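Structure, as C-alpha cells:
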Amino acid sequence: MDTSSCRNAIAVVSMLPLALLSLSAAAVASDDPPFSCGPSSPSRAYPFCDPSLPAGRRAADLVSRLTAAEKVSQLGDEAPAVPRLGVPAYKWWSEGLHGLAFWGHGMRFDGAVRGVTSFPQVLLTAASFDEGLWFRIGQAIGREARALYNVGQAEGLTIWSPNVNIFRDPRWGRGQETPGEDPTTASKYAVAFVRGIQGSSSPAAAAAASPLQASACCKHATAYDLEDWNGVARYSFAARVTAQDLADTFNPPFRSCVVDGKASCVMCAYTDVNGVPACASSDLLTKTFRGDWGLDGYVASDCDAVAIMRDAQFYRPTPEDTVAAALKAGLDLNCGTYTQKHGMAAIQQGKITEKDVDKALTNLFAVRMRLGHFDGDPRGSGAPYGGLGAADVCTADHKNLALQAALDGIVLLKNDAAILPLHRSAVASAAVIGHNADDPLVLSGNYFGPACETTTPLKGLQSYVNNVRFLPGCSSAACGSAATAQAVTLASSSEYVFLFMGLSQEQEKEGLDRTSLLLPGKQQSLITAVAGAAKRPVILVLLTGGPVDISFAQSNPKIGAILWAGYPGQAGGLAIARVLFGDHNPSGRLPVTWYPEEFTKVPMTDMRMRADPATGYPGRSYRFYQGKTVYKFGYGLSYSKFSRQLVTGGGKISAPDTRLLLAGVPAMTVDDTATYYHVDDIGTDGCEQLKFQAEVEVQNHGPMDGKHSVLMFLRWPNATDGRPVSQLIGFQSKHIMVGEKSSVRFDISPCEHFSRAREDGKMVIDTGSHFLSVGKDEWEISLEA
Ligand SMILES: *[C@@H]1O[C@H](CO)[C@@H](O)[C@H](O)[C@H]1NC(C)=O
C-alpha cells in the first residue's frame, strides 16, 4: 500500500486524540446522494437501476451514460459523484487484514463506532490451521464493515485484504500479514477468509454472486515479498522467477482465492516479474485472472503502482503510455490519482480508446452493484445487510472470536520438564520483564484500527497472580541499552519470572525488512542474565511476526518454556495468560520455518524456492530448504500427548500399499528421469474418478483436553527434478477429550495433491510411488497405468 498513507495512519495512532479531532473536521457532510436508484433518484427508470438485471448488464448501462471525462474520473480509488445520474462518490480503498483498519481512505472511526474488533495478526491466526476459524474472522470483519457503512462512517465496502503472498524469506517485513510459507495453507486461508468477508453462508459454500456483504481483495499478485534489501526497494525490484516456482508456489493462493473463494478483486503488485511490472502484464491480469481463473470482479493496482511503473521502473516513456499499458493489460482501478490525471490525454493521443476505459468501469460498477449500492437505500430495513449497525461491532461474539484466535494460534515451542502449565495457587509472586509486556500497540502488528478493548500480557498475568512486579528492561524492541542490573535484582527476588520479548514494527513492517534474525540489541544478553539469576527456570514469551533465531534460549536449561505469540490482537494478553496457567491447551503450529541467523547470507533478492547445491544456495521453506532449522514448519507442542494413525478410508483405498489405476489417459510422457502424465490430459472426469478419502485416527492420551491439528503431507520417493521434499496437502483441527479417539477425513485428489510442477510450469503426476504422511505414519500409494 501507499507509504505516505501508511505514515498518516501511524500518525493517527500515535496522536490519537488530536487525530480524531482532525478526522471529524475532515468528515464534512457532502451534498452527494448517499445511495443510488432510490424513489427520488433522477435515474430510476434506467436499466442500471433495475435489480432484476445481472450486475454486469446494469454496470454496462451506467457506463454508457457517462461522458469521457466522467469515465476517466472514476479510475482512481477516490471516485467522485456523478450527481446528474444520482451516482454517489465512492472510496475504494479500505483495509481489514485482521480487523478494520486506519489504513486507506474509505473508513472513519469518529462517530457512533469508535472501536472495532482487533483479531490477531494473520500469521498467528494461520498457526491454528483451522479454516472454520479463518472463515468466522472474515465474516466478523465483513459484518463490522457493513455496520460502519450503515452508520455513515464508511464510504466504501471494498476491503483490500487478505494478503496471501508466500512468506518466502524470514526477513520480510510484511510476512506477519500473511498465512505463512506454504501454498496450501495460504490457499485455504484465502478461500475461507474471502468467503467470510463476502458473506457466504458457510466455509464450505462458495460465495453467492450477490449480494456481497463486503468485497474482499487478494493481494499482491504475484511474487511480492520484499520491501527493501541491500538498497533494492520493492518499487524497482526486478524479480527473476522461474515458471516452476510461479506454478507451485507464488500463484496457487491467488488461483484458489479467485476460483474457489470467488474473490471480487485481485490486486497486482509493484513487482516487475521477469521484465514486466505485474500491473502491466496482460498475461497475468487478462489471460490468467480473467481467462484461466474466471475472475468476476475488478483488478486494482497496489497504491501508485502505475506512477511507479514510469517513475521508478521506467517501463514506458510517458505517463500516457504507462496508463495505456496498464489499462490494456487489464487493470481496472489504479490506487492513487495517476490514471485520473493522465487518462484523458491518453485517450486524446489515441493510446487508449474509450472502450478500454468502459471495460474497466464495467468491472468496477458491477462490484458496486453487487454490494447493493444501486438498489435504493442499502441501509434500509429491507436491504440484505440493512439491519446492521453500531451494536454489531465489538459484539461479545466478535470479542470471543478474537480471544479464540489468539488461544488457537499461540505456539508452545519449549516446555522442558513440563514447567507449564502453571498452577495459579503455586505462583504467589512474579516478575514480569520485557518491553513487550505492556505495550498495547505491539499486539496489533501492522494494518490495524482502534481496538474495542485491549489486554496486554501484563494485565493478563495480573488477572492470575496478585503480586506482580514489572520492569520493561528495554525501552523498546531495539533495546540499545538494557536495565540488566535492575532486572537481575528483580528476577532473583521473585518466585516466577516471565519475559515478554521479541520484535515490534520498529524492526519489521511495510517498507522495512530485517537484516538479522537474532533478537535485536541487548535482548539476548538481558534474557540470559535474568535466566541465570532467577530461582527457577524462566518463561520466555516472544511477540514477533517473522521468525527469530533463538538457539541461545533453546539450549539454555534455565529457560524452561518458550511461547511464540505472534502479534496476538486485542485479547492477546489474556490468551497468553490462559495458556500459561493451563486454562487452554496450546495447539498452534508454526506456519513458517524458523531459520538460523546464517540464512541471512542468502540474498533476499534471490527468488528461487528450490535449492541449488552446486552454488550452496539452500532453498526456501520446508518444501525445499536443505539447511539446519531452529524450528521446523508445523512444529508446536501441547500439554497432552496425541497420537495419529492413518486408518482405512472409504472407497477405493482400502489398505496401505495401494495401487491407483490410471485408465484411459491418453499419453504417458517419458523423459530422461521419470514417467508421468499431464494433469490436463487426465481431464476433469479422470481426476474425479481418482479421488478418494483417507481417514486419520487421533487419540488424546492426556493429561488435558485440547485441540489438535492434523497435518497431512505428500512425499515423493525422492526430491530430484525440483520435487519438493514434502508438500502439505491438507489439515484439520479438532478438539479431543482426554482418552478419546476421534477420526478426521481428508479428501484426496491425486490430480491436485500428487501433482508436481515441471520446470516449464506444467503440472504432471509421476507414475509409481507416492507417500501420504501424517506424523511418522506413512501410506504408500502407487499410480499405475
Ligand atoms: C525419483 O522418483 C521418480 C518418481 O517416482 C522416479 O521416476 C525417479 O527415477 C527417481 N529418481 C531417482 C534418482 O531415484
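Small disclaimer: the values here were computed from a predicted structure and weren't measured. Atoms within each ligand, like the ligands themselves, are counted from 1 in listed order. Residues take their numbers from the sequence shown, with the count starting at 1.
- Each of the atoms 7 (O) of ligand 1 lies under 4.0 Å from some heavy atom of Ala674.
- Of the protein's non-hydrogen atoms, the one nearest atom 8 (C) of ligand 1 is Thr673 O, 3.5 Å.
- Annotation: side chain of Val744 is not in contact with side chain of Glu695 (no heavy-atom distance under 4.5 Å).
- Using a cutoff of 4.0 Å between basic side-chain nitrogens and carboxylate oxygens, Lys691 and Asp747 are not scored as salt-bridged.
- Every residue two or more places apart in sequence or in another chain was checked for a ring-ring contact (aromatic ring centres under 6.0 Å, His included) with Phe746, and none qualifies.
- Side-chain N or O atoms of Ser640 include none that pairs as donor or acceptor with a backbone N or O of Val738 at under 3.5 Å.
- Residue Pro717 places a heavy atom less than 4.0 Å from ligand 1.
- Ranking protein heavy atoms by distance to atom 4 (C) of ligand 1, first place goes to Arg723 NH2, 3.7 Å.
- Remark: Asp760 engages Arg758 in a side chain to side chain donor-acceptor pair (under 3.5 Å) (not counting sequence neighbours).
- Looking at atom 12 (C) of ligand 1, its nearest protein heavy atom turns out to be Asn718 ND2, 3.2 Å.
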